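In what follows, a structure is listed as structure tokens, so that the remarks can point back to it.
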There are 2 protein chains.
Amino acid sequence: MKSLWDEFNELGTEMIVTKAGRRMFPAFQVRVTGMDPHADYMVMMDFVASDDKRYRYSFHSSSWVVAGKADTQMPGRIHMHPDSPAKGSQWMKQIISFDKLKLTNNLLDDNGHIILNSMHSYQPRFHVVYNPPKSEDVSEMEVFKHFIFPETKFTAVTAYQNHRITQLKIASNPFAKGFRDCDPNDW
Amino acid sequence: MKSLWDEFNELGTEMIVTKAGRRMFPAFQVRVTGMDPHADYMVMMDFVASDDKRYRYSFHSSSWVVAGKADTQMPGRIHMHPDSPAKGSQWMKQIISFDKLKLTNNLLDDNGHIILNSMHSYQPRFHVVYNPPKSEDVSEMEVFKHFIFPETKFTAVTAYQNHRITQLKIASNPFAKGFRDCDPNDW
DNA sequence: TTCTTAGCACCTAGGTGCCAAGAT
DNA sequence: ATCTTGGCACCTAGGTGCTAAGAA
């Protein structure tokens with residue numbers, strides 16, 4: 001999905017947050033290599049604030065502008081991939097997709113969704129936790145690693161601000177086909 | 001679902017098996033109590049042959065009759081509940097449902113579905129595996145337990161034989177609403 | 001003859017942005 | 001003013017038994 005993420009990122013990616021929880025589109029997907037095929041790993045995601053600012057969208061200039069200091073943030077939740085834990089061979093066999101992850105703006109959320117502040121910017125992070133066999137010397141290795149893909153940065157919103165983002169979502173998300181003017185397959 | 005299982009069982013429950021895999025209806029659901037809330041458990045199901053016979057349905061007498069000795073059976077697969085492993089408190093909090101379990105007649109199935117022989121009778125079994133804390137003396141307790149509910153016995157088929165089973169499936173399975181003559185809610 | 005398969009219309013379940021109304 | 005919510009029509013995805021055709 002990197003090319004699609006890049007396309008969104010150039011416009012300034014926006015992700016909807018709702019009380020009930022909303023999926024990300026594009027979904028965060030990653031391919032891993034170099035794992036020990038027979039060892040157990042947990043893979044997960046979290047979201048860190050890109051900065052300590054609150055934003056608003058200036059329709060006049062068609063761009064995001066700083067609207068003050070960030071609202072108070074709860075300590076971020078961690079989204080464990082539902083297949084965790086699993087063997088390295090399993091993780092490496094196919095692309096790891098976090099398509100069931102949901103974003104919410106409900107501070108009291110009880111469904112384990114990721115809680116974000118609307119009008120704030122976030123950077124998704126991908127984490128791998130290695131559960132070494134008992135025989136190994138843990139002191140010499142990294143048990144916890146994380147990876148950041150800058151093109152997946154986004155601003156949380158409750159309604160899309162940049163109309164070009166809306167258009168790109170409609171054009172590329174299969175679930176939004178009903179809003180397309182013409183079939184992009186015709187191109 | 002016990003009353004529904006009983007209703008089917010009185011007629012002689014049939015379950016469809018397909019190459020791609022078919023869900024069971026009714027779904028196998030169970031409630032557990034008495035677990036250690038803080039210990040890990042795995043819960044799972046398997047299916048054992050009720051007998052060593054092959055059956056056919058006699059439309060003449062509207063009943064199942066023995067049609068010979070059972071075909072050779074592969075050693076039965078085990079279906080691990082997708083939430084396994086989890087704490088006792090989690091399992092006891094709500095009904096445990098195996099509604100994603102699928103039955104297939106494809107001996108070469110690669111999707112982890114339960115492989116059954118059509119025209120044979122099976123008894124579902126529910127298993128609980130207890131992972132005791134290291135401090136406990138394992139020798140004195142049962143780590144592996146299983147439970148059988150006789151009313152969940154069924155015959156695997158590739159097409160329904162008993163028309164009354166078909167009618168009861170249509171009347172009680174929400175996905176088969178399209179085949180109903182009238183809305184059962186009207187009763 | 002009996003059993004099995006694939007495609008079908010009809011459902012459930014839930015993911016889209018839109019829009020109007022409400023909240024701050 | 002700006003932000004947020006709930007209901008909506010329109011989709012995807014996949015679970016039903018039916019039917020006709022094919023296989024054993």
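Being a predicted model, the structure only gives us computed values, none of them experimental.
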Worked verdict on K69(A) versus D52(A) for salt bridge (Lys or Arg N to Asp or Glu O under 4.0 Å): CA-CA 6 Å; K69(A) 214 170 151 45; D52(A) 61 345; 3.1 Å; yes
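- With ring centers used as reference points, F98(B) lies under 6.0 Å from H81(B).
- In this structure, F98(A) places its CZ atom 18 Å from P of dG15(C), rounding to the nearest Å.
- In terms of phosphate contacts, N105(B) brings no side-chain nitrogen or oxygen within less than 4.0 Å of OP1 or OP2 of dC3(C).
- Spacing between atom CE of M15(A) and atom P of dG15(C) amounts to 16 Å, rounded to whole angstrom units.
- Between F179(B) and H163(A), the residue anchored nearer the 5' end of DNA chain C, judged by the nucleotide with its closest heavy atom, is F179(B).
- Taking the side chain of F175(B) as heavy atoms from C-beta on, and the options dC3(D), dG17(C), dT16(D), the nearest nucleotide is dT16(D).
- Residues Y160(B) and M15(B) have side chains not in contact (no heavy-atom distance under 4.5 Å, counting atoms from C-beta outward).
- The shortest side-chain heavy-atom distance between F25(B) and F175(B) does not fall under the 4.5 Å cut-off.
- Looking at the side chain of K169(B), the nearest of the listed nucleotides dG17(D), dT4(D), dT16(C) is dG17(D).
- For K177(A) and dG17(C), the shortest distance from a side-chain N or O to OP1 or OP2 is not below 4.0 Å.
- Atom CZ in F25(B) sits about 13 Å away from atom P in dT12(C), given to the nearest Å.
- The nearest whole Å value for the distance from the CG atom in L168(A) to the P atom in dG17(C) is 11 Å.
- Spacing between atom CD of Q167(B) and atom P of dG17(D) amounts to 11 Å, rounded to whole angstrom units.
- Checked against the 6.0 Å centroid threshold, F147(A) and F149(A) do not count as a close aromatic pair.
- The side chain of Y160(B) sits closest to dG17(D) out of dT16(C), dG17(D), dT4(C).
- Atom CZ in R180(A) sits roughly 13 Å away from atom P in dC18(C) (whole-Å rounding).
- Side chain of T166(A), nearest nucleotide from dC3(D), dC18(C), dC18(D): dC18(C).
- At a cut-off of 3.5 angstrom, counting only N and O atoms as typed in the model, there is a donor on one side and an acceptor on the other between the side-chain of R22(B) and the base of dG17(D).
- Checking the phosphate oxygens (OP1, OP2) of dC3(D), no side-chain nitrogen or oxygen of S118(A) falls inside 4.0 Å.
- Atom CD1 of I170(A) is separated from atom P of dT12(D) by 14 Å (rounded to the nearest Å).
- In this structure, K100(A) reaches neither bases nor backbone, as no heavy-atom distance under 4.0 Å exists between it and the strands shown.
- Look at CH2 on W64(B): it is 12 Å from C1' on dT2(C), rounded to the nearest Å.
- Each of P174(B) and A159(B) lies near DNA chain C, and the nucleotide nearest A159(B) is the one positioned closer to the 5' end.
- Picking from dG15(C), dT4(D), dT4(C) the nucleotide with the shortest atom distance to the side chain of T158(A) gives dT4(D).
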